[in-house]
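Structure first, then comments.
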Amino acid sequence: MSDAQLKHIAATHTTPCYAYDTALLQRTLEAIRAEAAHDRWHVHYAIKANPHPVILQQIARAGLGADCVSGGEVAAALQAGFRAGSIVLAGVGKTDAEIEQAIGEEIGMMNVESREELCVIEQIAARMGKKARVSLRINPDVDAHTHAHITTGRAENKFGVDAADMVTLARKTAESPHLTFTGLHFHIGSQLLMMDDFRALCLRINELQGELAAAGLFAPNINVGGGLGIDYEQPLKHPVADFRAYFATFANNLTLLPGQHLHFELGRAVVAQMGTLLTRVLYVKQGSTKQFAIVDAGMTELIRPALYGALHRIDNLSSEGRPAGKYDVVGPICESSDTFARDYVLPTTQRGDILAIRSAGAYGMAMASTYNCRPLPEAYLF
Ligand SMILES: *Cc1c(COP(=O)(O)O)cnc(C)c1O
């Protein structure tokens with residue numbers, strides 16, 4: 001989608017609003033299909049990144065499965081046309097109702113995050129007279145070099161079971177009449193750009209597979225989670241994530257056993273670059289030491305900068321030919337963290353200008369809130 005189109009959308013709709021480029025999403029899905037074209041490889045889309053129903057339908061049509069973290073997401077996935085068998089469900093705090101739903105709908109597998117949860121799933125499956133399909137989410141204690149809030153695979157995280165308990169819990173699962181042991185699950189973090197982190201995960205999985213085999217156990221599925229990052233600095237130069245390097249890292253470093261299936265759960269890398277948050281400049285305020293571009297979008301529409309200190313590229317779509325200035329780009333919300341960028345270089349910016357906040361397709365609208373009694377923004381697909 002061109003900047004002229006984005007500008008037109010902003011001019012003809014209420015801002016702030018999201019614009020989603022479905023052609024770019026299609027290109028991204030085709031790149032995934034091309035790079036992950038192995039027998040027994042399965043890519044699941046992590047719905048939490050962006051659950052827009054039309055986006056879900058497009059992704060389901062492309063043949064991906066769904067990765068869910070709540071019963072609401074399982075329902076959204078089924079509604080959008082994902083096959084039940086292609087759905088996986090993770091989450092440290094699954095409710096009884098969510099477990100019943102997963103067993104009842106016969107989804108592909110549940111990723112179990114604690115011994116306590118495993119016992120509850122067994123009881124619920126017994127009561128329902130069904131067998132629950134469960135994988136163990138193992139905490140591999142691998143450091144993903146990313147923001148502390150989105151690293152999930154260290155020993156001190158709340159996620160997954162200790163690798164030391166893997167064999168005991170896998171055996172308990174395999175021997176239970178109410179459970180089917182479907183394999184191992186991992187997820188080490190998000191916005192990872194160093195393939196060495198994924199390589200470290202592969203090597204750790206190879207070790208753990210050795211421990212399972214020594215105990216006479218077999219994991220039919222290995223799920224390596226998601227986390228592939230995108231280029232927030234140069235989104236227009238790199239609109240599609242480096243799927244080639246990502247998938248090659250697993251092909252080259254992970255040793256699969258005969259008959260084993262490999263699963264991926266990508267969220268951000270599928271949808272981030274197709275989304276733009278369009279916002280209008282309300283005021284340019286001259287402070288004593290800096291100037292503020294106060295815009296009509298805030299942390300209510302896009303919370304990543306406030307939550308993680310994330311920086312999204314911002315372009316002024318209205319300022320052709322004007323000389324550069326430096327701005328703090330801030331929202332209208334009553335919180336100092338409601339800041340998109342500090343000392344950010346933009347062409348001279350004026351009231352009424354349209355700014356494009358790039359790479360906002362993932363964890364943007366999905367995390368939007370009505371704080372300050374603001375309406376949720378509209379999202380338009382093109
Ligand atoms: C969030 C999440 C993902 C997707 O993460 P991305 O960084 O968006 O790829 C995958 N698996 C699990 C279990 C998750 O919680």
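Just follow the structure's listing: the first ligand is 1, and inside any ligand the first atom is 1. Values reported hereafter were calculated over all heavy atoms of this structure, with side chains retained and with hydrogens, waters and symmetry mates removed.
- One side chain, N316 or T349, offers a donor N or O that lies under 3.5 Å from an acceptor on the other.
- Note: Y380 and H13 have tilted aromatic rings, judged against thresholds of 30 and 60 degrees for the angle between ring planes.
- Through side-chain heavy atoms spaced under 4.5 Å, either directly or across other Ile, Leu, Val, Met, Phe, Trp or Tyr residues, Y283 is tied to L282, F292, I294, V330.
- Residue pairs satisfying the salt bridge (charged side-chain N to carboxylate O under 4.0 Å, His left out) criterion with at least one member in residues 77-102, sequence neighbours excluded, are listed as follows: K94-E117, E100-R127.
- Legend: residues meeting salt bridge (Lys or Arg N to Asp or Glu O under 4.0 Å) with D196, ordered by chain and number and at least two apart, are absent.
- Protein residues are said to neighbour a ligand when one of their heavy atoms lies under 4.0 Å from it; for ligand 1 these are A46, K48, D67, A90, R137, H185, H187, S190, G226, G227, E265, L266, G267, R268, Y363.
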Practice problem: In sequence, state the C-alpha distance, the side-chain angles, and the governing distance for L228 and M195, and then conclude on side-chain contact (heavy atoms from CB on, under 4.5 Å). | Solution: CA-CA 9 Å; L228 175 63; M195 293 305 128; 3.7 Å; yes
